[in-house]
Amino acid sequence: MINSQVRVRFAPSPTGYLHVGGLRTALYNYLFARKNNGKFILRIEDTDRNRYVEGAVENLIAALHWAGLNYDEGPDIGGPFGPYMQSHRLEIYNRYAEELISQDKAYYCFCTPERLEALRQEQQRQKLPQAKYDKHCLHLSKSEIEENLLKGIPKVIRLNVELNQKIEFDDVIRDHVEFDSNNIDDQVLIKSDGYPTYHLANVVDDHLMQITHVIRGEEWLSSTPKHVLLYDAFGWERPVFAHLPLLLNPDRSKLSKRQGDVAVEDYRDKGYLKEALINFVALLGWNAGDDKEFYYMDELIEKFSLERVNKSGAVFDLQKLNWLNAEHLRKKSDEEILSLLKKELSNSEYKGQFYSDEKLLLIIHAMKERVNFVKDFIYNCRYFYEAPMEYEQKAIEKNWKEDTPQQLLRLKTEFENLVNPSKEDFEHALTKVAEELKIGKGKLIHPLRLAVSGQSTGPGMFDLLFILGKDEVIKRIESAIKNIKSVKA
RNA sequence: GGCGCGUUCGUCUAGUGGCUUAGGACGCCGCCCUCUCAAGGCGGAGAUCACGGGUUCGAAUCCCGUACGCGCUACCA
């Protein structure tokens with residue numbers, strides 16, 4: 001072990017999308033691998049034929065790539081220990097299961113689902129503390145087994161769990177954990193369709209792929225004794241185990257679809273930045289021990305350690321994610337945001353229109369401190385892209401008074417005299433009007449803002465006017481004056 | 001039911017026997033800045049550290065018990 005390289009894997013079953021809990025598991029594996037100059041492997045655990053979902057693997061891979069969790073070996077890129085899709089490794093599992101049988105550490109079981117069901121019911125009726133298979137087929141004679149096999153009676157292969165054994169293992173996160181083998185069922189290893197169960201496939205592959213650290217969700221803690229038994233039965237060295245705390249709904253149940261979005265794709269489509277999602281999810285169950293909350297991937301790699309992972313579940317709090325998203329967005333350069341904004345625009349109702357990079361950059365600069373998402377650069381300030389169709393009702397009542405049309409008219413003529421006005425020119429013009437009318441600048445700014453943007457909030461007045469440009473400003477003042485008359489009539 | 005794991009402000013968490021009148025962050029509230037909204041700055045409310053016993057001069061921190069929550073208990077992963 002001293003010289004062995006760290007090798008970890010993310011081993012999802014392809015359910016159709018990448019769960020955010022899965023994203024965090026993948027992230028911790030990734031961080032641990034990168035931190036230790038190890039390898040990060042993607043392995044698809046598709047051993048349940050009933051759960052086959054078209055395109056699921058492709059989705060999973062796309063989500064992982066989007067998040068920046070690039071693996072060193074995997075189904076699409078191969079590697080020295082492939083194939084990385086369990087459904088392509090069936091012979092391997094069967095070979096190892098047979099090996100166990102030859103050593104009496106596993107056995108064929110021909111029991112029908114009906115008998116199993118009846119057994120379960122009987123055990124329940126007797127209120128036995130634990131429902132387990134009764135090892136009926138363990139006691140079949142050699143000839144009976146031969147005969148059943150020859151007849152082609154459906155069979156499974158079960159692990160032969162010895163009674164009265166103490167099974168113990170160490171977990172980086174949970175410390176020492178102990179189980180009594182009397183509580184452990186003779187787990188099915190190979191199903192009647194010839195596919196392995198998770199337990200066998202997982203252990204065999206982790207060994208064959210030379211996985212050194214098994215970092216997975218806490219839901220696997222209870223099955224770890226079965227895995228430990230398998231490692232021991234094969235005479236293989238156990239990996240280091242690290243069982244991660246679960247991600248929870250606000251009501252503290254396991255994070256589920258019912259109570260919100262759980263797919264990484266959902267968050268991506270809602271406009272969350274991958275940097276923010278990664279940052280957020282990394283902090284759900286781990287921290288460096290200091291007050292730092294804002295991280296980029298390379299800093300996470302540098303600081304990460306399994307020892308500092310928490311034991312208890314963490315609620316997925318959208319408000320904090322939103323804050324992190326805004327933080328990450330603000331930290332981006334205007335040029336970086338520009339390309340994100342252009343992509344967003346090409347998917348918006350404004351996709352046919354042309355907006356120069358110059359103008360877009362001005363919008364970005366003006367709005368950067370006021371947005372949480374890239375799409376807010378469009379929908380929080382539509383007035384940059386089109387003249388207002390209507391005016392905020394509350395703001396009309398507050399800002400548009402009897403003398404507003406006159407004042408706007410006065411501003412309009414003043415603006416008309418400007419030649420290629422800068423932001424400052426607009427400001428001087430407005431100041432001049434305010435002085436002439438003997439009123440505060442605010443008295444002009446608020447009605448003007450409403451006239452020109454339809455809203456009562458936004459970036460600084462003169463930034464707004466400058467970005468819109470003289471001609472557009474004048475046009476909007478004119479139509480606002482008309483609207484005031486009809487509104488106030 | 002059985003087995004396992006967990007339990008510090010609403011949420012994410014710091015804390016590994018004295019530095020703690022339990023610190024930070026999100027959210028909330030207030031003030032400042034200010035043409036609005038943000039951002040930023042300052043401040044506030046918010047946790048008898050689940051509960052009960054021990055150990056100790058001293059416990060959120062160690063031990064035991066209880067409660068509650070979650071996970072597993074499939075030829076699902």
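So you know, we letter chains A, B, ... as the sequences are listed, proteins then strands, and number each from 1.
- Checked against side-chain contact (heavy atoms from CB on, under 4.5 Å), A:Q124 has no partners two or more places apart in sequence or in another chain.
- Both tests pass for A:R24 against the ring of A:Y28: distance under 6.0 Å to the centre and angle within 45° of the axis.
- Side-chain nitrogen and oxygen atoms of A:R216 include none within less than 4.0 Å of the OP1 or OP2 phosphate oxygen of B:C72.
- Computed from coordinates, the A:F10 CZ to B:A77 C1' distance equals 12 Å when rounded to whole Å.
- Heavy atoms of A:Q319 sit under 4.0 angstrom from primed sugar atoms or phosphate atoms, though from no base atom.
- In A:K398, the NZ atom is not crowded: 12 or fewer heavy atoms of neighbouring residues, nucleotides or ligands sit closer than 6.0 Å.
- A gap of 23 Å separates the P atoms of B:G69 and B:U61, to the nearest Å.
- The distance from atom CG of A:L324 to atom C1' of B:U13 is 13 Å, rounded to the nearest whole Å.
- A gap of 30 Å separates the C1' atoms of B:C64 and B:U21, to the nearest Å.
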For nucleotides 32-46 of chain B, give me one character per nucleotide, 5' to 3': B if any protein heavy atom sits under 4.0 Å from the base, S if the only such contacts are to the sugar-phosphate, - if neither. ---BBBBSS------

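- Across every strand in view, B:G71 sits in a pair with B:C3 that passes the Watson-Crick or G-U test at under 3.5 angstrom.
- Rounded to an integer number of Å, the gap from CG of A:L119 to P of B:C75 is 11 Å.
- Of the candidate nucleotides B:C12, B:G24, B:G71, B:G24 has the atom lying nearest to any side-chain atom of A:D291.
- Taking the C1' atom of each, B:C33 and B:C26 are spaced 23 Å apart, rounded to whole Å.
- Nucleic acid contact class of A:V156 (heavy atoms, under 4.0 Å, all strands): base.
- For B:C75 and B:U16, the C1' atoms lie 46 Å apart once the distance is rounded to whole Å.
- In this entry the distance linking CG of A:L200 with C1' of B:A77 reads 14 Å, nearest Å.
- Considering only the side chain of A:D317, B:U11 comes nearest among B:A77, B:C75, B:U11.
- A parallel orientation is assigned to the rings of A:Y133 and A:Y107, their planes being inclined by less than 30° (bins at 30° and 60°).
- Between A:F316 and A:F280, the ring center distance clears the sub-6.0 Å criterion.
- Because its NZ or CZ atom is both nearer than 6.0 Å to the ring centre of A:F373 and within 45° of the ring axis, A:K375 counts as a cation-pi partner of that residue.
- B:C28 and B:A39 have their P atoms separated by 9 Å, with the value rounded to a whole Å.
- The salt bridge (charged side-chain N to carboxylate O under 4.0 Å, His left out) check on A:E265 picks up nothing, with sequence neighbours excluded.
- Base contact: A:C111 has a heavy atom under 4.0 Å from a base atom.
- The separation between A:L246 atom CG and B:C12 atom C1' is 16 Å, rounded to whole Å.
- Residue A:E162 places its CD atom among 12 or fewer non-hydrogen atoms of other residues, nucleotides or ligands, all under 6.0 Å distant.
- The CG atom of A:D290 sits 13 Å away from the C1' atom of B:G15 (whole-angstrom rounding).
- Base pairing annotation: B:U48 forms no Watson-Crick or G-U wobble pair, as no partner gives both donor-acceptor distances under 3.5 Å.
- When both distances must be under 3.5 Å, the Watson-Crick or G-U wobble mate of B:G40 is B:C32.
- Atom-to-atom, CG of A:N287 to P of B:U11 comes out at 17 Å; the value is rounded to the nearest Å.
- OP1 or OP2 of B:U13 has at least one side-chain nitrogen or oxygen of A:N310 nearer than 4.0 Å.
- Atom P of B:G65 sits at a distance of 16 Å from the matching atom of B:G2, rounded to the whole Å.
- Note: CG (A:N249) to P (B:C12) measures 12 Å, nearest angstrom.
- Separation of the C1' atoms belonging to B:G17 and B:C68 is 27 Å when rounded to the nearest angstrom.
- Contacts of A:T15 with the nucleic acid, taken as non-hydrogen atoms under 4.0 Å apart, are absent.
- Partners of A:F169 according to the ring pair (Phe, Tyr, Trp, His ring centres under 6.0 Å) rule, which considers only residues two or more places apart in sequence or in another chain, are A:F241.
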Output one line per pair: protein atom, nucleotide atom from nucleotides 1-8 of chain B, and distance, for all N/O pairs under 3.5 Å.
from : atom 1 : to     : atom 2 : distance (Å)
B:G1 : N2     : A:P129 : O      : 3.3
B:G2 : O4'    : A:P129 : O      : 3.0
B:C5 : O2'    : A:R174 : NH1    : 2.7
B:C5 : O2'    : A:E218 : OE2    : 3.0

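- Within the 4.0 Å cut-off from OP1 or OP2 of B:A77, at least one side-chain nitrogen or oxygen of A:T47 is found.
- Each of A:R125, A:E117, A:Q123 was evaluated against A:Q121; a single residue qualifies, A:E117, per the side-chain hydrogen bond (donor to acceptor under 3.5 Å, both in side chains) test.
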Please write out each protein N/O paired with an N/O of nucleotides 62-67 of chain B under 3.5 Å, distance rounded to 0.1 Å.
none

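- Taking atom P in both B:G24 and B:G41, one finds a spacing of 15 Å when rounded to whole Å.
- A:P447 comes within contact range of no nucleotide atom at all, as no heavy-atom separation falls under 4.0 Å.
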